[in-house]
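Note that ligands are numbered from 1 as they come in the structure, with each ligand's atoms numbered from 1 the same way.
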Amino acid sequence: MSTDRGLTGKTAIVTGASRGIGLAIARDLVTHGVRVCITARRPEALKEAAAGFPESQILAVTGKSDDPAHRREVLDAVAETFGGLDILVNNAGINPVYGPLVDLDLDAARKVFEVNVFGTLAWVQDAVKHPGLSFRDRGGAVVNLSSVTGDTPSPGIGVYGISKAAVSHLTRTLAVELAPQIRVNAVSPAVVKTKFSRALYEGKEDEVTRDYPLGRLGTPEDVAAAVTYLVSPDSAWVTGQILTLDGGLTVAGGTA
Ligand SMILES: NC(=O)c1ccc[n+]([C@@H]2O[C@H](COP(=O)([O-])OP(=O)(O)OC[C@H]3O[C@@H](n4cnc5c(N)ncnc54)[C@H](OP(=O)(O)O)[C@@H]3O)[C@@H](O)[C@H]2O)c1
């Protein structure tokens, strides 16, 4: 059933959406009447995720978000099937390294930047320039996934935080460059309970949660609700903003 927020009939791409935050974002958008294209690297998981949606509202394309050929395939499929693009959610992100920056494998660091930063920028570039999507003319909205680790150092996952700091500033810069037609914002969560963050809370959730004034960690649905706001007409005068979603963690002086 569709709950109208001025989004009915719009079209979206959500990268990295076979599970976790991306899947919750896709679900929330579809609930609001949006047709959504989801992506992920593993075909079985993506197919399974797509099977949970009404067939007329979902497209699923397998591939790596930092692969130019994959981006072209997605954007061509969206142009052909949906006839244009209104919403781009750059959700795919990786964090494959753990340890002090002084020991960081720079090739692994380059990969983190390739996916989290240059991948995000490349999706925006390709969507804006695709002749069949009219992203600019349709008054497009972009939301990027940043992280509170981009604001305050999180030892051990330093390069991830550095990449998310870059995503936040990329968001602000794109917002200025693409206005007034396209709005660009980001959400910046603390720990949200997904496979990605499991190591940060599993077996110690009570202890981790103590730093959160609202008394719990985030859920993918918490993030999805904020993304839906940022792509809807409700936020028509909002661009270049990084919306922190952290249950009060950072205002109370905590770090993720
Ligand atoms: N969870 C948190 O606490 C948290 C906090 C702040 C920010 N974030 C950000 O939120 C985003 C989503 O995180 P999550 O927790 O939902 O992660 P997740 O549970 O690991 O899900 C990641 C999704 O992205 C896909 N994916 C991963 N790498 C990809 C790539 N290179 N190309 C295309 N798809 C890819 C995965 O499927 P495949 O493995 O099949 O590709 C999966 O569908 C990330 O950008 C993350 O940095 C998360």
Side-chain angles (χ1 to χ4, degrees), residues 13-28 36-50 52 60-71 73-74 88-97 108 110-123 142-152 154 157 159-168 170-171 186-202 205 208-209 211-212 216-224 226-227 242-247 249-250 254-256:
I13 294 168
V14 183
T15 65
S18 62
R19 62 169 187 264
I21 293 171
L23 181 58
I25 293 169
R27 283 196 183 122
D28 205 55
V36 180
C37 178
I38 56 174
T39 76
R41 291 166 301 183
R42 279 174 304 156
E44 317 78 48
L46 188 64
K47 202 171 157 198
E48 202 177 304
V61 183
T62 307
K64 297 178 183 169
S65 62
D66 55 322
D67 173 6
H70 167 65
R71 286 196 296 275
E73 188 187 351
V74 171
L88 171 64
V89 182
N90 281 306
N91 172 73
I94 60 168
N95 180 25
V97 280
R110 283 186 193 96
K111 183 67 184 172
V112 171
F113 266 72
E114 205 52 57
V115 175
N116 295 4
V117 183
F118 300 125
T120 295
L121 172 57
W123 276 101
V142 177
V143 176
N144 298 324
L145 263 289
S146 189
S147 160
V148 295
T149 60
D151 299 325
T152 315
S154 291
I157 53 171
V159 72
Y160 171 74
I162 296 165
S163 78
K164 291 299 188 179
V167 167
S168 293
L170 175 66
T171 300
V187 286
S188 178
V191 175
V192 177
K193 290 174 72 174
T194 66
K195 184 177 176 195
F196 182 85
S197 61
R198 204 171 283 162
L200 297 174
Y201 67 84
E202 211 165 51
E205 193 169 338
V208 175
T209 303
D211 292 340
Y212 287 69
R216 65 172 177 85
L217 302 180
T219 64
E221 290 71 26
D222 289 322
V223 182
V227 171
I242 317 301
L243 179 53
T244 300
L245 307 170
D246 69 353
L249 175 74
T250 53
T255 56

Quick one: which ligand 1 atoms are inside 4.0 Å of a heavy atom on [X]?
X	result
Ser197	1 (N), 2 (C), 3 (O)
Arg42	39 (O), 40 (O)
Ser147	6 (C), 7 (C)
Ser18	37 (O), 42 (C), 43 (O)

Of the side chain and backbone of Ala256, name the one, both, or neither that has a heavy atom under 4.0 Å from an atom of ligand 1.
neither
Where is the nearest protein heavy atom to [atom]: which residue, which atom, and how far?
atom	answer
atom 17 (O) of ligand 1	Phe196 CB, 3.2 Å
atom 24 (O) of ligand 1	Gly16 CA, 3.1 Å
atom 29 (C) of ligand 1	Arg41 NE, 3.5 Å
atom 21 (O) of ligand 1	Arg19 NE, 3.4 Å
atom 9 (C) of ligand 1	Tyr160 OH, 3.8 Å

Relative to [atom], which among [options] owns the nearest non-hydrogen atom?
atom	options	result
atom 31 (N) of ligand 1	Ala24, Ala186, Ser65	Ser65
atom 16 (O) of ligand 1	Asn95, Ile21, Val187, Leu245	Ile21
atom 7 (C) of ligand 1	Pro96, Ser146, Gly93	Ser146

How about [X] and [Y]: do any of their side-chain heavy atoms sit closer than 4.5 Å?
X	Y	result
Leu46	Thr62	yes
Ile13	Val74	yes
Pro189	Asp246	no
Ile21	Val192	yes
Asn90	Leu88	yes

Going by an N to O cut-off under 4.0 Å, is there a salt bridge joining Glu205 and Arg216?
no
Salt-bridge contact Asp66-Lys111 (side-chain N to carboxylate O under 4.0 Å)
yes
Please confirm whether [X] comes under 4.0 Å of ligand 1, counting heavy atoms of the residue only.
X	result
Ala17	yes
Ser188	no
Ala49	no
Thr15	no
Lys193	no

Has ligand 1 got any nitrogen or oxygen that is less than 3.5 angstrom from a nitrogen or oxygen of [X]?
X	result
Thr39	no
Asn91	yes
Val192	yes

Under a plain distance cut-off of 3.5 Å, with no hydrogens placed, do Ser146 and Ser168 share a side-chain donor-acceptor pair?
yes
Distance only, no hydrogens: is a donor on one side chain within 3.5 Å (strictly under) of an acceptor on the other, for Asn116 and Ser163?
yes
Can the ring centroids of Phe113 and Tyr160 be said to lie less than 6.0 angstrom from one another?
no
Could you go through the side-chain contact (heavy atoms from CB on, under 4.5 Å) check for Thr255 and Val148 one step at a time?
CA-CA 8 Å; Thr255 56; Val148 295; over 6 Å; no
Does CD in Glu221 sit with more than 12 non-hydrogen atoms of other residues, nucleotides or ligands closer than 6.0 Å?
yes
